[in-house]
2 protein chains.
Amino acid sequence: MKKRDFKDSLYEGIAGITKAFSNANRLEIIDLLANGEKTVEQIALQTAISISNASQHLKALKTSRLVKSRRDGQFIWYSLNGVKVMSAWQALRDLAMEHAPDVQNTLQQFRVSLGNAQSVSFQREYDNTSVFFLDVRPVDEFAAGHLPNAQSIPVDELPSRMAELPRDKTIITYCRGPFCSLADEAVQLLIANGFKAMRLEEGFLDLTLLSRS
Amino acid sequence: MKKRDFKDSLYEGIAGITKAFSNANRLEIIDLLANGEKTVEQIALQTAISISNASQHLKALKTSRLVKSRRDGQFIWYSLNGVKVMSAWQALRDLAMEHAPDVQNTLQQFRVSLGNAQSVSFQREYDNTSVFFLDVRPVDEFAAGHLPNAQSIPVDELPSRMAELPRDKTIITYCRGPFCSLADEAVQLLIANGFKAMRLEEGFLDLTLLSRS
DNA sequence: CAAGCATTTTAGAAAATACTTGAATATCTT
DNA sequence: AAGATATTCAAGTATTTTCTAAAATGCTTG
């Protein structure tokens, strides 16, 4: 085997993995799974595709070893297969957010449509004692991992549970990441009810990777 | 515009960038450009594709803003467009090296075919005074950036320039990265001539990113 | 073991896309 | 204008992707 053949084969192999990343639905699935394991049905529901389609995308991801699965009763739980998958997704996402004008524009419009919540970075606030971290993702995602000093109130329970929140602190909400709107929705709700609130720039994925480095 | 449409559009946008990465030839070009700017002809030559083909791949990369170009006389020099591109490539490469069995196997065979040089990490050796760092890439890549304490002798000049190397130290060679064979070839040559030599695990790309973090 | 639920597989068809080559064209320099 | 470098065009082939709908599988529970 010649040098050239080795190289071709190596780059070809990487391109194979990379192809698993180059589909919008699969990227959304990866982004979702970065927040904890999910069943096929949950994934299909949250990404608005059919169950059959979700299953097939998951198969593709599994073949490339980006996700793994385990069975529990009649459910099959899918999750990301290791930190390197998260890092790669984060790198691609950040690259796109910096380099792709259409992604930047859409994101900008998205945020405006959600009320343009003020955002702040974790690095700057994590030892600030006059803020209160609020995780507004579904409870199971909170259970799968969260900021150590955060409280959980899923955004759909927020209207009925505002009494649990301090009025003398700034509420800092966070959710899955830059493409997740839960934190923005929460901020809008909170501000409408007289709280001082903003959202974290980072999502759970970023916070996880931060804490590992 | 509905929430769903925003999301679809965002993930679609990222998938677009990702597609620029999902071709073996383009990955090899990126890996090459991580070591400094190159002309179309140089790229075509080193990746063993036609000039026309290289030009078209470069166009694709440029459209996705992964590379940029500048003109100097009759040459057009291409280079990577920012550190995030390098990080993304590194993340994908490392992911593949960890998760893809065929990539692992090929790499293993590749190294055996090159004499299985002993490798060592930069972190462990960088303040060791009894080693000598040798950059065996072409001179122009050395000029574009290198380890501060490294000496440059391109591997093809090595046979005639061994007198420049110390016999009382361990020579540690490095080149472009895990898919580059120059460092291994150099180690083989050096050992055959009675030197103590090994190669660095990391390549120039990794050393660059290391020094930035 | 039968029923029920969750998931996977299959098949198929439409659409889209990607890749490469070789020739022609463009852009600069000298 | 000649010469060098790079890009575009045209073309064909091949490949690939993606999704839906229906059937099949695998597991649990009564």
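The structure presented is a predicted model; accordingly, all values stated were derived computationally and were not measured. Values reported hereafter were calculated over all heavy atoms of this structure, with side chains retained and with hydrogens, waters and symmetry mates removed. First the proteins, then the strands, lettered A, B, ... as listed; each starts at 1.
Around CD of B:Q109, the count of heavy atoms belonging to other residues, nucleotides or ligands within 6.0 Å exceeds 12.
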Residue pair A:D184, B:K3: steps toward the salt bridge (charged side-chain N to carboxylate O under 4.0 Å, His left out) verdict: CA-CA 12 Å; A:D184 302 86; B:K3 201 160 129 180; over 6 Å; no
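Residue contacts shown for B:I51 include a base, since a base heavy atom lies under 4.0 Å away.
In summary, of the residues considered (A:K68, A:M86, A:K38, A:E28), a side-chain contact (heavy atoms from CB on, under 4.5 Å) with A:L33 occurs for A:K38 alone.
Contacts with DNA chain D (heavy atom under 4.0 Å) in residues 68-82 of chain B: B:Q74, B:F75, B:I76, B:Y78, listed by number.
Side chain to side chain, A:Q56 and A:S52 meet the donor-acceptor criterion of an N or O pair below 3.5 Å.
Between the A:S55 side chain and the A:I51 main chain, no donor and acceptor come within less than 3.5 Å of each other. Judged by distance alone, the side chain of B:E202 and the main-chain N or O of B:S121 form no donor-acceptor pair under 3.5 Å. Of the possible donor and acceptor atoms, one in the side chain of A:Y174 sits under 3.5 Å from a partner among the backbone N and O of A:L147. No donor-acceptor pair closer than 3.5 Å links the side chain of B:H99 to the backbone N or O of A:G82.
Mapping heavy-atom proximity under 4.0 Å, the span of DNA chain D touched by chain B runs 5' to 3' from D:dG3 to D:dC9.
The NZ atom of A:K59 sits 10 Å away from the P atom of C:dT8 (whole-angstrom rounding).
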For nucleotides 15-22 of chain C, read 5' to 3', which letter fits each nucleotide if B means a protein heavy atom sits under 4.0 Å from the base, S means only the sugar-phosphate is that close, and - means neither? ---SSBBB
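Atoms OG and CD1, on B:S22 and A:I14 in that order, are 12.5 Å from each other to the nearest 0.5 Å.
Ring to ring, B:Y11 and A:F179 are close: their centroids are under 6.0 angstrom apart.
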